[in-house]
Amino acid sequence: MKNAVYIDILKKDSRTRARRGRLHTPHGTIETPVFMPVGTQATVKAMRPEEVKDMGAEIILSNTYHLYLRPGDNIVKEAGGLHKFMNWDRAILTDSGGFQVFSLGKLRKISEEGVKFRSYLDGSPHMLTPEKSIEIQNNLGADIIMAFDECAPYPADRNYVKNSLERTTRWLKRCRDFHKDVERQSLFGIMQGGMYIDLRKQSAEEIVDLDLPGYAIGGLSVGEPREIMYEVLNEAADFLPQDKPRYVMGVGTPDHLFQGVEFGIDMFDCVLPTRLARNGAAMISTGRINIKNQKFERDFTPLDHECDCYTCRNYSRAYLRHLYKSNEILSSMLLSEHNLHFLVNMMKNIRQAIEEDRFLEYKREFYNKYEDYSKLL
RNA sequence: GUGGGUGUCGUCAAGUGGUUAAGACCCAGGGUUGUGGCUCCUGUAUUCGAGAGUUCGAAUCUCUCCAUCCACC
């Protein structure tokens with residue numbers, strides 16, 4: 001029996017744990033390390049699939065929780081699966097709904113069985129269990145499906161985190177037992193353990209034991225200081241197997257991506273680039289800028305001089321500011337395209353740097369230009 | 001020219017004698033990390049068309065002027 005998804009490691013950096021690989025899925029090969037754009041509701045907001053494809057994205061993320069509530073996973077299945085429904089023929093990863101359990105806070109109740117919650121759409125009561133999450137994800141048909149986990153908040157006391165992680169392991173076993181067609185979709189396990197290194201180790205040992213096709217590190221970037229996140233990520237990455245893809249969930253600032261790659265992470269996803277775009281912020285090679293600022297009123301130069309994306313090739317900062325201030329839809333489209341391109345391209349450069357064994361040089365080069373992070377060196 | 005109305009932040013406006021003049025929009029700045037986000041937070045009138053007066057105290061009352069709107073000549 002062959003797993004739907006597996007990774008080939010092509011090259012390892014000689015001075016760090018950074019690795020360059022190739023992730024094989026039923027919907028194509030993905031060059032790693034990779035940044036995955038997020039398309040929660042079966043669409044990368046403000047983007048047409050062709051545009052996402054053209055900028056070089058090979059895999060996107062979508063969401064169990066949202067698609068279950070609307071339009072309903074049965075409808076997606078009837079449409080012929082998520083790929084066909086949304087006109088995206090490359091790889092897809094679906095999140096399990098575990099994170100929504102965490103982020104929807106007040107509307108939920110967690111038990112051993114699963115999570116009771118109320119729909120954010122109409123208040124109707126629902127129950128998400130490991131089995132239900134997998135059933136939904138089977139209907140959606142993504143290449144990679146995620147375990148139904150519990151993401152502990154920050155800060156959280158040790159006892160809570162330990163109980164939570166152990167329950168996540170028990171839930172993972174139920175996910176694995178329920179998921180049958182492993183040649184069509186691969187189930188990834190998720191490590192928890194909060195900011196406690198020994199609990200991270202415990203969680204890793206428990207889930208690695210199940211020999212799944214891939215593993216994620218969850219529960220990071222939930223409000224903890226940057227240094228703590230780095231420290232936990234640094235240690236946690238080493239607890240995962242070398243020959244399986246490693247995925248850090250929900251991380252998306254350039255420094256986090258560099259740091260993750262350096263620690264041996266292969267996959268990342270984040271809403272940040274598209275959300276920032278819709279709110280008028282752009283990620284560019286010199287740092288982050290707010291296109292709504294008055295100083296761009298008469299700035300007729302492109303967003304980023306070093307960028308060759310569609311937006312930067314054709315439009316000025318002044319025009320983008322005008323679109324944002326005028327509340328025009330094109331503002332979200334153009335800025336989303338740029339921000340996504342920025343991260344996807346950055347990962348492409350990282351991959352090339354690893355191949356040429358100059359990852360650290362590229363990192364330094366990038367940080368030196370990026371004003372927010374250059375001071376970290 | 002006559003009669004009447006109106007003049008409070010860039011705009012639309014609350015407020016009709018009592019301490020530091022609502023709110024909305026606009027504007028300015030900031031936030032955003034497995035998306036409940038075309039969103040959220042913060043800031044911006046020592047001043048109420050101008051001047052004088054009444055009063056312990058006025059955006060609120062009186063007078064003059066100015067501006068503007070509506071009727072009628």
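No experiment lies behind these values; they were computed from the predicted model shown. First the proteins, then the strands, lettered A, B, ... as listed; each starts at 1.
- Listed nucleotides B:rG34, B:rG36, B:rU32 differ in distance to A:His66; the shortest reach to its side chain belongs to B:rG36.
- When each of B:rU32, B:rA28, B:rG34 is scored by its nearest atom to the side-chain atoms of A:Asn279, the top-ranked nucleotide is B:rU32.
- Contacts of A:Tyr247 with the nucleic acid, taken as non-hydrogen atoms under 4.0 Å apart, are absent.
- Comparing B:rG36, B:rU39, B:rG34 by their closest approach to the side chain of A:Ser103 singles out B:rG36.
- When heavy atoms are screened at a 4.0 angstrom cut-off, A:Thr274 is found touching base atoms of the nucleic acid.
- In this entry the distance linking CG of A:Leu335 with P of B:rC38 reads 14 Å, nearest Å.
- The side chain of A:Lys292 lies closest to B:rU39, out of B:rU39, B:rG34, B:rA28.
- Along RNA chain B, the nucleotide nearest to A:Cys151 and the one nearest to A:Glu297 differ in position, and the one closer to the 5' end is contacted by A:Glu297.
- The CG atom of A:Asp95 sits 4 Å away from the C1' atom of B:rG34 (whole-angstrom rounding).
- One P atom belongs to B:rG51, the other to B:rU8, and the distance between them is 15 Å to the nearest Å.
- Side-chain contact check for A:Leu320 versus A:Lys292: every heavy-atom pair is 4.5 Å or farther apart.
- Pairing for B:rG43 goes to B:rC27, judged as Watson-Crick or G-U wobble with the two contacts each under 3.5 Å.
- Here B:rC27 presents its P atom at 10 Å from OH of A:Tyr324, a figure rounded to the nearest Å.
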Hey, mind stepping through A:Tyr68 and A:His126 against ring-ring contact (aromatic ring centres under 6.0 Å, His included) and telling me if it holds?
CA-CA 10 Å; A:Tyr68 157 69; A:His126 296 269; 5.3 Å; yes
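- Using a 4.0 Å heavy-atom distance criterion, A:Gly219 is classed as a base contact.
- Tested against A:Asp89 for a side chain to side chain donor-acceptor pair (under 3.5 Å), the candidates A:Lys53, A:His83, A:Lys84 yield a single pass: A:Lys53.
- We find that CZ of A:Phe99 is positioned 12 Å from C1' of B:rG36, with the value rounded to whole Å.
- Here the side chains of A:Pro71 and A:Phe85 are in contact, with some heavy-atom distance below 4.5 Å.
- The phosphate of B:rG34 has neither OP1 nor OP2 within less than 4.0 Å of any side-chain N or O from A:Gln100.
- When the C1' atom is compared between B:rA50 and B:rC41, the two are found 39 Å apart, to the nearest whole Å.
- Shown here, B:rG1 forms a base pair with B:rC72; the pair counts as Watson-Crick or G-U wobble because both key distances fall under 3.5 Å.
- Taking 4.0 angstrom as the limit, A:Asn293 places a side-chain polar atom (N or O) nearer than this to OP1 or OP2 of B:rG30.
- With B:rG34, B:rU35, B:rU39 as the candidates, the nucleotide lying closest to the side chain of A:Met249 is B:rG34.
- When atom types are taken as modelled, the side chain of A:Thr40 and the backbone of A:Asn63 share no donor-acceptor pair closer than 3.5 angstrom.
- Taking atom NE2 on A:His126 and atom P on B:rG36, their separation rounds to 15 Å, with Å as the unit.
- For the OP1/OP2 pair of B:rG36 and a distance below 4.0 Å, the side-chain nitrogens and oxygens of A:Arg118 include no atom meeting the criterion.
- Under a 3.5 Å cut-off, the side chain of A:Ser164 and the backbone N or O of A:Tyr160 do not form any donor-acceptor pair.
- A distance of about 47 Å separates the P atoms of B:rC73 and B:rC27, rounded to the whole Å.
- Comparing B:rC66 with B:rC9, their P atoms are spaced 22 Å from each other, to the whole Å.
- Regarding contacts with the backbone of B:rG37, every side-chain N or O of A:Arg278 stays at 4.0 angstrom or more from both OP1 and OP2.
- Taking atom C1' in both B:rU54 and B:rU62, one finds a spacing of 7 Å when rounded to whole Å.
- Taking the P atoms as reference points, B:rU60 lies 15 Å from B:rA21, given to the whole Å.
- As rounded to whole Å, 11 Å separates atom P of B:rU32 from atom CZ of A:Arg226.
- A:Ile190 comes within 4.0 angstrom of a base, heavy atoms only.
- Note: CD1 (A:Ile291) to C1' (B:rC38) measures 16 Å, nearest angstrom.
- When the C1' atom is used for both B:rA45 and B:rA28, the distance is 16 Å, rounded to whole Å.
- Contact annotation for A:Asn327: base contact, defined as any heavy-atom pair under 4.0 Å involving a base atom.
- Remark: A:Lys325 is not in phosphate contact with B:rC38, judged by side-chain N or O atoms under 4.0 Å from OP1 or OP2.
- If you check B:rU62 for Watson-Crick or wobble pairing at under 3.5 angstrom, you find it paired to B:rA52.
- Distance from the side chain of A:Gln294 is smallest to B:rG29 among B:rG34, B:rG37, B:rG29.
- With B:rU35, B:rU39, B:rG30 as the candidates, the nucleotide lying closest to the side chain of A:Asn63 is B:rU35.
- Picking from B:rG36, B:rG34, B:rG31 the nucleotide with the shortest atom distance to the side chain of A:Gln192 gives B:rG34.
- Look at B:rG34: it lacks any Watson-Crick or wobble partner with both distances under 3.5 angstrom.
- When atom types are taken as modelled, the side chain of A:Glu224 and the backbone of A:Val222 share a donor-acceptor pair closer than 3.5 angstrom.
- Look at B:rA67: its Watson-Crick or wobble partner, with both distances under 3.5 angstrom, is B:rU6.
- Across all strands shown, B:rA13 has no partner, as no Watson-Crick or G-U wobble contact with both distances under 3.5 Å is found.
- Interface remark: the A:Arg275 side chain does not form any donor-acceptor pair with the B:rU32 base, using a distance-only criterion of under 3.5 Å.
- Between A:Asn290 and the phosphate of B:rG30, there is a side-chain N or O to OP1/OP2 separation shorter than 4.0 Å.
- A:Leu276 comes within 4.0 angstrom of a nucleotide base, judged by non-hydrogen atoms across all strands.
- If you measure from atom CG of A:Leu67 to atom C1' of B:rG34, you get 14 Å, rounded to the nearest angstrom.
- Contact annotation: A:Arg288 side-chain N/O to B:rU32 OP1/OP2 distance is under 4.0 Å.
- Judged by distance alone, with hydrogens and angles left aside, the side-chain atoms of A:Asp13 form no donor-acceptor pair with the main-chain N or O of A:Ile354 at under 3.5 Å.
- Using modelled atom types and a 3.5 Å distance limit, the side chains of A:His27 and A:Asp143 yield a donor-acceptor pair.
- A:Ser332 comes within contact range of no nucleotide atom at all, as no heavy-atom separation falls under 4.0 Å.
- A close approach under 4.0 Å does not occur between any side-chain nitrogen or oxygen of A:Arg70 and OP1 or OP2 of B:rG36.
- Comparing the same atom, C1', in B:rA58 and in B:rU47 gives a spacing of 13 Å after rounding to whole Å.
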